[in-house]
Structures are given as C-alpha cells and as structure tokens.
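Convention: sequence-line order gives letters A, B, ...; per-chain numbering from 1.
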Number of protein chains: 2
Amino acid sequence: MNVLEKIVNSVNSFSKSERKVADVILANPQTTIHSSIAALAKMADVSEPTVNRFCRRLDTKGFPDFKLHLAQSLANGTPYVNRHVEEEDGPEAYTAKIFESTMAALDTARQRVDINAINRAVDVLTQAKKISFFGLGASASVAHDAQNKFFRFNVPVVCFDDIVMQRMSAINSAEGDVVVCISHTGRTKNLCDIAAIARENDATVIGITAYDSPLAKECTLVLSLDVPEDTDMYMPMASRVAQLVLIDILATGFTLRRGSKFRENLKKVKDSLRGSRFDKKDFNN
Amino acid sequence: MNVLEKIVNSVNSFSKSERKVADVILANPQTTIHSSIAALAKMADVSEPTVNRFCRRLDTKGFPDFKLHLAQSLANGTPYVNRHVEEEDGPEAYTAKIFESTMAALDTARQRVDINAINRAVDVLTQAKKISFFGLGASASVAHDAQNKFFRFNVPVVCFDDIVMQRMSAINSAEGDVVVCISHTGRTKNLCDIAAIARENDATVIGITAYDSPLAKECTLVLSLDVPEDTDMYMPMASRVAQLVLIDILATGFTLRRGSKFRENLKKVKDSLRGSRFDKKDFNN
DNA sequence: CGCAATCTGTAATTTAATTACAAGATATCC
DNA sequence: GGATATCTTGTAATTAAATTACAGATTGCG
C-alpha cells in the first residue's frame with residue numbers, strides 16, 4: 001500500500017507527537033524526501049527519535065527507508081490520497097482534496113475490479129433483447145447515463161428512476177432481458193425487490209453494487225466496486241464516479257464485441273446531433 | 001527524466017569503474033535502493049567514492065539522493081496516460097485503459113481548473129434564491145446528479161432535461177436565481193438559447209462548459225474543463241466524470257460556506273433514508 | 001619516454017541515523 | 001484521590017553511513 005495512504009489511514013493510532021510528524025509530511029511530502037531526520041524533526045517540533053519511531057510504526061526499517069517508500073508514493077507526480085475535507089479548508093484545499101480523493105478511489109476500484117465479471121456482463125449485455133437500468137437517488141443519474149450510452153447502440157433500452165415504473169417494467173421482463181440495478185450500498189429495499197421480481201420473470205439481473213449486500217444476493221451477476229468513501233457527512237461522490245467509469249467500460253466492451261461494422265452506427269448517431277449544434281470551426285481558434 | 005533511462009543513455013560517457021556500477025544497478029535496481037553505498041561498492045567491485053562520483057555524474061546530490069530518484073523511477077512504469085482503446089483489446093486492456101484515461105483526464109482537469117471561478121460560483125450559489133440545473137443528452141445525467149446533491153441543502157432546486165421545460169423555467173427566472181448550464185462542447189444550440197433567456201430575465205448563469213464556446217459567451221460565469229477526449233468514435237466519458245467532480249466540488253464548497261450548523265441538516269437527510277434501507281449490520285462481516 | 005590529465009582507492013572527516021535510557025505524562029486500579 | 005503501571009517523549013551516547021581530501025595509479029598524447 002502507498003505510504004501516504006497508510007499515513008492517512010493510521011492517523012488515529014498515532015500519538016500526539018507522531019501526528020505532528022504526519023501533518024508535516026502530508027503538508028510537504030516533496031520536501032520531506034529531501035530532508036534529513038533532523039530537519040524534519042525541527043519542522044514538526046519533535047525530537048529525532050520520535051520521527052524515527054514514526055517511520056518504524058509505518059513498517060519501514062527507519063528514516064532512510066521511509067523516505068524511499070515516500071519517494072515511490074510520490075512518483076506518480078501526484079499523491080492520490082483519500083484526504084478528507086476539513087472544516088477550515090479554503091477553495092484550493094477542498095478542490096485539490098476532492099480531485100485527489102476521486103482519483104484515489106478510481107485507483108482502488110481499478111485494482112479491485114473483477115475483470116471476469118465485467119467480461120461476463122458484456123457477454124450478457126450483447127445478447128440482451130432489452131436492457132433496463134434502474135437506480136434510485138444518487139444512482140439514478142448513473143442509470144440515466146447508462147441509458148444515454150447504450151441507447152446509441154440501437155438496442156432497446158429503458159431507464160426508470162421511479163419505483164412504480166421500475167416495478168412494472170420488472171414484472172414485464174422476460175427471458176433474454178437484462179436488468180441492471182445500481183446501488184452503492186446495495187441496501188435499498190425497493191431496488192432489492194425489483195431485482196427479485198425481475199429474476200422471477202427470467203430476466204438476467206446485473207448488480208452494480210457492494211459485494212455481499214442484500215441487493216447482490218438477488219442478482220445473477222454482481223459487479224462490485226469497493227470504493228472507500230466517507231459518507232458520514234456528505235453524499236456519495238467517489239463511488240458514483242467509479243460506477244460511471246464501470247458503465248463506460250461496459251459500453252466500450254459492448255462496442256468492441258459487436259465488431260467494427262456496428263461502430264458505424266455510433267458515427268451515425270453522432271452525426272445526427274450535428275444539426276442541433278453550432279459548428280465547431282466557428283469557435284475554436 | 002527517469003534516472004534509469006538516464007543511466008542507459010549516458011553509459012558511453014562513463015569510465016570503466018562507473019560502468020561497473022551502472023551494470024550492477026541496472027541488473028538489480030530494486031536491491032540497490034535498499035543497499036548502502038558500501039554494499040553497492042562491493043557488488044560492483046569498486047570503491048565507495050566511485051559510487052558517489054557516479055551518482056553525482058547523474059546530477060544527483062549524492063548517494064542517498066540518487067536512491068531517492070531511483071526509487072521514484074521504479075515506482076510506476078506507467079503514469080496515468082490517455083491511452084486509447086484499440087480494436088483488438090481484451091477486457092483487461094480496455095478496462096485498464098478506461099480507468100487510466102479517466103484518471104489522466106481528472107489530473108489535467110485538476111491542473112487547469114480555475115479556483116477563483118469555483119470560489120465565485122460557490123458565492124453565487126450560496127446566495128441563490130433558486131438553483132436550476134440544465135443539461136441535454138449526456139450532460140442531463142450530470143444535471144440530475146447536481147440536483148440530487150443540492151437538493152439536500154434545503155434550497156429550491158430544479159433540474160430539467162426537456163427543452164420545453166427548460167425554456168419555461170428560464171423565462172420564469174428572476175434576479176437572485178442561479179441557472180447552471182452543463183454542456184461539454186458548449187455548442188448545443190438549445191442550451192445557448194436557455195442561457196440567453198435566463199440572463200435576460202436577470203438570473204445569474206453559470207456555465208459548466210468549454211471556454212470560448214458559444215454557451216460560454218452567454219454565461220455570467222464559466223467553469224471550464226478542458227479535458228482531452230477522444231469523442232470521434234465513442235461517447236463522452238472523461239469529460240462527464242470531470243463535470244461530476246466539479247459538481248462535487250461546488251457542493252462541498254457550498255456546505256463549507258454554510259457553516260457547521262447547516263451541516264446538521266445533511267445528517268437529517270441522510271437519517272431519513274434509513275427507513276428505506278436494510279440495516280447495515282446484518283450484512284457486513 | 002615523459003608529462004599531463006584523468007581515474008581510482010585509502011583514510012580522515014563530517015554528517016546523519018539509531019539506540020539506550022531516563023524523565024514526564026497519562027491512564028488504571030484499588 | 002493517591003499510587004502504580006504503562007505509554008510517550010526527549011537527551012545524550014553510539015554507531016553507521018556518506019562525503020571529502022589527498023595520494024597513487026593509469027591512460028593518452030606529444
């Protein structure tokens with residue numbers, strides 16, 4: 001695991017002085033790797049052994065080894081750490097933090113995603129007679145987005161963010177239909193019902209949701225995205241971005257599977273939009 | 001430039017002993033970063049100062065600094081680059097590429113985003129009597145998402161993805177109202193009209209769109225996201241994720257500006273959802 | 001062949017990091 | 001509420017590492 005993330009994660013297990021060290025390092029990681037233990041100790045206003053103990057607590061052999069790990073973490077150019085927004089953050093701070101948290105979330109999602117499941121989902125989708133996307137609340141916009149994408153593929157697609165419509169649609173589903181249920185927590189009761197109903201009617205149910213959730217249990221195929229997120233106070237952000245990227249991936253897999261002939265269709269859809277838009281050349285350069 | 005590449009490139013300008021050092025390092029770079037200068041000197045069968053001179057020749061301050069650079073080179077072969085999906089890509093390939101492209105897009109967005117504009121947008125939004133989010137096509141789902149977020153703030157929010165409704169809503173806007181128009185290209189004619197109408201009716205119009213686009217010209221305040229994207233063949237992906245992150249940032253700025261008392265309200269909204277969900281404890285662990 | 005320039009290693013010096021230990025703070029138990 | 005135990009933290013001593021200065025060796029060139 002990334003050392004920077006590790007620091008953030010274990011900030012609670014630190015002692016007072018160790019936290020001072022952590023703060024200084026997180027504030028200027030780039031400076032840290034070029035500092036001696038003495039300089040860092042001074043910056044954090046603690047003694048040198050404290051810095052050393054801090055390094056050891058992070059499972060490194062000592063300060064030099066810690067710097068090595070830190071250097072590797074910083075190598076990407078940017079430390080994608082899930083830093084939480086604080087009360088007193090200014091615009092620069094919270095903007096940076098949200099970008100970074102989102103990127104960090106995507107990074108973990110990328111590592112944890114089950115490619116086999118994606119591949120099977122693409123299989124199922126390409127063979128679907130009809131595709132339905134269902135989501136509620138924040139996940140509704142993800143469902144809309146999915147509809148917008150798959151709609152271009154010349155496949156029957158529906159999308160409902162209304163429980164009653166979802167229910168009716170689920171009841172009317174039949175073999176060969178694919179229902180995609182989207183929920184970050186996987187604990188939305190109504191959506192679980194929908195999934196169950198759809199499956200009873202022989203539809204294939206794909207869940208974009210948390211592994212091991214009630215919704216997951218109702219699905220034929222689960223695409224889980226374990227994205228760490230602080231939902232205590234604010235609203236789902238990173239998880240929803242990860243869901244969208246997953247939709248992008250499914251859509252891409254879909255077009256690739258359908259072959260090149262099919263992709264001409266996409267161009268056609270794109271061209272049809274031209275009339276509703278101003279010409280590009282008038283405004284670029 | 002990457003230190004490893006640098007070593008390879010300048011192998012000709014090395015002296016005999018220095019080349020021995022280079023060979024050892026290139027053969028086991030991973031070991032090198034965990035070795036002392038003495039150990040490395042022994043492996044290369046040269047003296048310690050020779051190793052030191054070698055490091056300096058590579059424009060590093062000395063051996064420890066060299067190890068830092070080496071560590072960074074080893075950390076990540078491929079930073080997040082915008083790699084395009086190819087015809088013959090398998091699931092692993094396109095999944096990785098889409099994740100990376102999205103992250104690369106967020107990275108550039110982060111660097112280019114105008115913090116001042118964000119701050120002013122937050123200003124405007126916190127003082128709004130009513131907030132409207134308008135988007136069409138792919139941007140409609142972004143607008144929905146924005147509505148979902150700002151709705152929790154106990155502010156009058158509307159969101160339309162229907163031109164007629166948007167038009168009516170725009171005509172009815174008044175001073176103190178804020179209209180947010182979302183469009184990646186900024187060339188959607190209908191949305192430009194809406195922006196113009198809203199402004200004629202004294203609303204403040206925020207555009208989440210391309211800088212210098214027709215839509216941007218109609219807006220009071222533009223939040224531009226120049227995200228490189230390959231829209232030739234497929235559909236907007238990265239740009240829409242960037243838009244969502246921007247919405248997240250605005251929402252976060254909003255809550256922070258409103259102060260802590262206000263955030264209790266968010267908890268209330270969250271708690272109200274509890275009834276519609278299965279209990280968490282039943283399914284974790 | 002001999003001088004000059006460059007390279008390389010040894011030993012001394014400096015700097016940095018680590019360890020051992022003691023004082024102080026904090027929690028816990030009667 | 002006081003005494004004991006545990007955990008933190010810092011000072012000083014020790015050790016290890018890196019760097020520098022210098023001298024011997026090697027190579028190139030006239």
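Without hydrogens or angle criteria, A:Thr209 side chain to A:Ser183 main chain gives a donor-acceptor distance under 3.5 Å.
To the nearest 0.5 angstrom, A:Ser239 atom OG is 8.5 Å from A:Leu225 atom CG. In this structure, the separation between CZ on A:Phe99 and CD1 on B:Ile249 is 4.5 Å, given to the nearest 0.5 Å.
The distance from atom CZ of A:Phe54 to atom C1' of D:dT9 is 16 Å, rounded to the nearest whole Å. Taking atom NZ of residue B:Lys42 and atom P of nucleotide C:dT8, one finds them 21 Å apart after rounding to whole Å. In this structure, A:Arg53 places its CZ atom 11 Å from P of C:dT19, rounding to the nearest Å. One can place CD of B:Glu18 at 11 Å from P of C:dG9, the figure rounded to the nearest angstrom.
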So if I define the base as every atom that isn't primed, P, OP1 or OP2, how would nucleotides 12-19 of chain D read as a B/S/- string at a heavy-atom cutoff under 4.0 Å? ------SB

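With sequence neighbours left out, the ring pair (Phe, Tyr, Trp, His ring centres under 6.0 Å) criterion links A:His69 to no other residue.
Taking only side-chain nitrogens and oxygens, A:Ser15 never comes nearer than 4.0 Å to OP1 or OP2 of D:dC7. Distances shorter than 4.0 Å separate none of the side-chain N or O atoms of A:Ser47 from OP1 or OP2 on D:dT11.
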Starting from the C-alpha separation in whole Å, work towards a yes-or-no answer on side chain to side chain contact (heavy atoms under 4.5 Å, CB included) for B:Val142 and B:Ile208. CA-CA 10 Å; B:Val142 178; B:Ile208 297 183; over 6 Å; no

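Under the 4.0 Å criterion applied to side-chain N and carboxylate O atoms, A:Arg110 and A:Asp107 are assigned as salt-bridge partners.
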